[in-house]
Amino acid sequence: MEFQKRTITCGELRPKDAGRTVILNGWVNARRDYGGVIFIDLRDRNGVTQCVVDSSATPLLAPSIKDVRNEWVVWVKGLVRMRENPNPNIPTGLIEIIAEDIGIINSADVTPFEIVDDLGTNEELRLEYRYLDLRRRVLQKNFEVRNTLYQITHQFFAEEGFTEVETPVLTKSTPEGARDYLVPSRVNKGRFYALPQSPQLFKQLLMVSGFDKYMQIVKCFRDEDLRADRQPEFTQIDVEMSFVDQEDIIALTERFIARVWHEVLDVKLTMPLRRISYEDAMNLYGSDKPDLRLSGEIVDVTASSATSGFSVFTNAVESGGVVKAFVASGSASFSRKQIDELTEHARTYGAKGMPWLKYSNGEITGSFAKAIDQSELQAIIKNVGAADGDLIVFAAGEWERSCIVLGALRQKIAIQNGEFERVADSYALCWVTEFPLLEYSDEEKRWVARHHPFTSPMSADVALLTTDPSRARAMAYDLVINGYEAAGGSIRIHKNEVQNEIFSLLGMSNDEAQTKFGFLLKALRYGAPPHGGIAFGFDRLVMVLVGTDNIRDVVAFPKTTSGLSLMDGCPTPVAQSQLDQLGIQVKASS
RNA sequence: GGGAUCGUAGCUCAGUUUGGUUAGAGCGCCGCCCUGUCAAGGCGGAGGUCGCGGGUUCGAGCCCCGUCGGUCCCGCCA
């Protein structure tokens, strides 16, 4: 029997519709069979409507749907009427459809897991049957938010006078930055395209072209190891403007984010956002993307530790390092086991150990309490600003490493204290600015760009490039939301000479720079305007907006942490003939 | 590249500490009963290469080695 097209969806009917005859199309969400009466809950993405088969009214209908089970696709034609027993839990709960006719559109095998919101099933199975996983309301809601964000983004940037321009997906491989995904060229054997890590150079070239205000919602690809918030392909809102400085980009971003939060969450954010320098962020929170929802700041006790009598501290100070502490307010009640977990956590971040003290009932105990005098312990407690009932954890050694260790501990302590549950529906946004322009790579034995090699140094620090490059700061800024790097950008170098100077600082010869980035250097000689921009991590924005900590909840068809797609099984081997066409020979794996 | 953790019925898990009869439970599934439920209920039933391979042993879900896969993290992610 041909299916009867729906006249309304499964989420719309209300008491005012009583008396109407309607047709619904949808999936069987539940079947409750009482023999004489059968309830079928019919579901589509809009909601669930209860349909009733009453054998006294329609004696032939029940046998015709005898085999119908969950997830079968059916159409139901019938009269809308008020329910005898309303269900206050669903929007359509006051009405039901008394079925006059039902047709089976398609049967369904028993699904490998139930289509319910609070699913306990492991992700392996969910990813294999991703199309079933995506039937679940909790996931569908995420994609509705994602869609809303697409619309707001296009609207906002259009209103601000931006032009969306598409940039190539088959691009030139560049050595700086992340590993590239490569695409072999058939016509030019032995040569490769790279999928873009971002459209960085293209958007700069568009500025040279005079596009002035460019934006694009665009896929980017980075062949690096994955995390809970990282997929090999991800989406950015890519933005670039000419004749602007950092303040213009920050102001634009704040207008955009305020609008998104207002329209998606009905939350009014206070602008302008707090700004924290990279150095302060590291010193206070031990992270360049601090979660400002969490309590507590790191304190520096290097000066007072020099004479503490505790060799771990004094040695650190003598070798030019620092001693830092984090006071976990009210956490003196932590068990030995919890402290061991913290120590283990510190070790994974490169700490050799984790000195700690407890200040409880006027007494000071801890890992090195017996190693030094009581008076010195008292002095330490005073220096870190601890109160009775607090746990104090320490890190001593190289500055950045010590900061990172305590930042990690701050976060771990918050987890152990259940603090994340308390801050679940709140938002803490800030800018992190004044990043170092360069950092020294021990692996490559040279300076590498911390952001990317096209980032302009702060004008005050240009002189440092020749004297002390490590101290030169970049005109770069990251938007941090709840501990996620939600956006990052910079003012770019628009002068050929400066760009050449940076390349040479990065250990690149003139020839090398020409080979790799000659097209950019050439473009900068044809009247490049001052320009800068920002790129938002679209997936991460959606994550924060829907309140998930897993990027796979906001990407329709994600990869696993090893980069596999469990549904279609890619990546897969390819036919020898395909390889032959490309002139590629695959090495036997060792 | 490294660390942690998980893999037992369609699903979620127990059983592994201390190797020993026929590997259990809940949900789901199948059958029957039932006219007001909404995760319906009652009765009955089927369903397992304990991820895979090898080893130790009289005997392995359990011990050992390897391997595959999931998750989280460090490194990495300009």
Side-chain angles (χ1 to χ4, degrees), chain A residues 29-42 48-57 62 66-67 69-70 83-90 92-93 96 98 109-129 174-180 197-198 200-201 220-232 234 341 344-351 401 404-405 408 411-412 415 435 437-439 441-444 447-455 474 476 485 488 490 502 506 517 535 537 549-550 552 559-562 564 566 569:
Chain A
N29 200 50
R31 173 197 170 101
R32 293 179 294 280
D33 189 340
Y34 287 77
V37 63
I38 302 168
F39 297 99
I40 303 269
D41 289 345
L42 204 63
V48 175
T49 300
Q50 172 169 289
C51 306
V52 190
V53 176
D54 186 336
S55 55
S56 65
K66 183 172 164 290
D67 295 330
R69 292 294 183 273
N70 282 1
R83 286 204 199 183
E84 284 177 34
N85 304 307
N87 179 356
N89 300 319
I90 58 174
T92 62
E96 65 189 5
I98 177 72
D109 289 354
V110 175
T111 52
F113 48 82
E114 294 173 70
I115 313 301
V116 293
D117 279 355
D118 52 345
L119 189 64
T121 302
N122 73 68
E123 259 197 280
E124 210 169 342
L125 197 71
R126 288 174 49 199
L127 288 172
E128 182 182 349
Y129 295 93
T174 52
E176 300 283 316
R179 261 187 296 275
D180 286 323
Q197 298 169 26
S198 85
Q200 180 60 37
L201 292 171
C220 303
F221 307 85
R222 292 177 192 173
D223 186 5
E224 295 293 345
D225 290 343
L226 305 176
R227 289 287 190 282
D229 64 346
R230 280 182 1 207
Q231 281 280 301
F234 59 97
E341 280 173 20
E344 199 42 53
H345 195 63
R347 284 212 174 91
T348 67
Y349 282 81
R401 187 49 43 189
I404 288 171
V405 166
Q411 188 144 348
K412 181 78 173 176
I415 291 169
F435 283 89
L437 184 71
L438 306 163
E439 62 191 342
S441 165
D442 291 326
E443 201 177 318
E444 299 181 55
W447 293 102
V448 295
R450 193 177 175 103
H451 185 56
H452 56 55
F454 321 110
T455 302
E485 184 193 327
S490 63
I502 294 288
L506 297 177
F517 300 108
D549 55 10
N550 196 313
R552 292 183 298 275
K559 309 278 191 289
T560 67
T561 45
S562 63
L564 302 179
L566 297 181

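Letters A, B, ... are given to chains in the order of the sequence lines, protein chains preceding strands, and every chain is numbered from 1.
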When rounded to the nearest Å, what value does the distance between C1' atoms of B:G3 and B:U49 take?
32 Å
Measure from the side-chain heavy atoms of A:Arg83 and tell me the nearest of B:C77, B:C38, B:G70.
B:C38
Salt-bridge contact A:Asp33-A:Arg31 (side-chain N to carboxylate O under 4.0 Å):
yes
Please give the nucleotide sitting opposite B:C29 as a Watson-Crick or G-U wobble pair, both distances under 3.5 Å, or none.
B:G45
Where the side chain of A:Ala30 is defined as all heavy atoms beyond and including C-beta, which of B:A40, B:U35, B:G75 is the nearest nucleotide?
B:A40
Pairwise P distance for B:G1 and B:U67, with rounding to whole Å:
12 Å
Hey, is the main chain of A:Thr111 close enough, under 3.5 Å, to the side chain of A:Asp109 for a donor-acceptor pair?
no
Could you check which nucleotide pairs with B:A40 in any of the strands shown, counting Watson-Crick or G-U wobble with both distances under 3.5 Å?
none
Considering every strand and a 4.0 Å limit on heavy-atom distances, what is the contact class for A:Glu114: base, sugar-phosphate, or nothing?
sugar-phosphate
A:Asp117 CG: over 12 foreign heavy atoms closer than 6.0 Å
yes
Taking atom P of B:C74 as reference, at what distance in whole Å does atom NZ of A:Lys412 sit?
12 Å
Identify the nucleotide, in any strand shown, that forms a Watson-Crick or G-U wobble pair with B:U71, with both distances under 3.5 Å; if there is none, say none.
B:A4
Residue A:Tyr34, side-chain heavy atoms: nucleotide from B:U71, B:C76, B:U35 that is nearest:
B:U35
Determine the Euclidean distance between corresponding C1' atoms of B:C11 and B:G28; express it in Å to zero decimal places.
7 Å
Atom-to-atom span, CD of A:Gln50 to C1' of B:A39 - whole angstrom
14 Å
Can you tell me, in whole Å, how much space there is between the C1' of B:G59 and that of B:C73?
40 Å
Ring centres within less than 5.5 Å and planes less than 30° apart: is that true of A:Phe39 and B:U37 in this structure?
yes
Give me the distance, rounded to whole Å, that separates B:G10 from B:G51 when you measure between the P atoms they each carry.
13 Å
Base, sugar-phosphate or nothing for A:Glu344? Non-hydrogen atoms, less than 4.0 Å.
nothing
How close do A:Phe113 and A:Thr121 get, heavy atom to heavy atom, and via which atoms?
CB-OG1, 3.5 Å
Atom-pair distance (CZ on A:Phe221; C1' on B:C76), nearest Å:
20 Å
Roughly how far apart, to the nearest Å, are B:C30 and B:A46 at atom C1'?
7 Å
Any strand: nucleotide that pairs with B:G61 via Watson-Crick or wobble, under 3.5 Å
none
Can a donor-acceptor pair be found between the side chains of A:Gln231 and A:Arg222 at a distance below 3.5 Å?
no
Distance between C1' atoms of B:C34 and B:A25 (Å, rounded):
27 Å
Starting at CZ of A:Phe113 and ending at C1' of B:G28, how long is that distance when rounded to a whole Å?
14 Å
Using the C1' atom on both, measure B:G15 against B:G61 and round to a whole Å.
8 Å
Note: A:Thr455 and A:Ala476 closest approach over all heavy atoms is CG2-CB, 4.3 Å
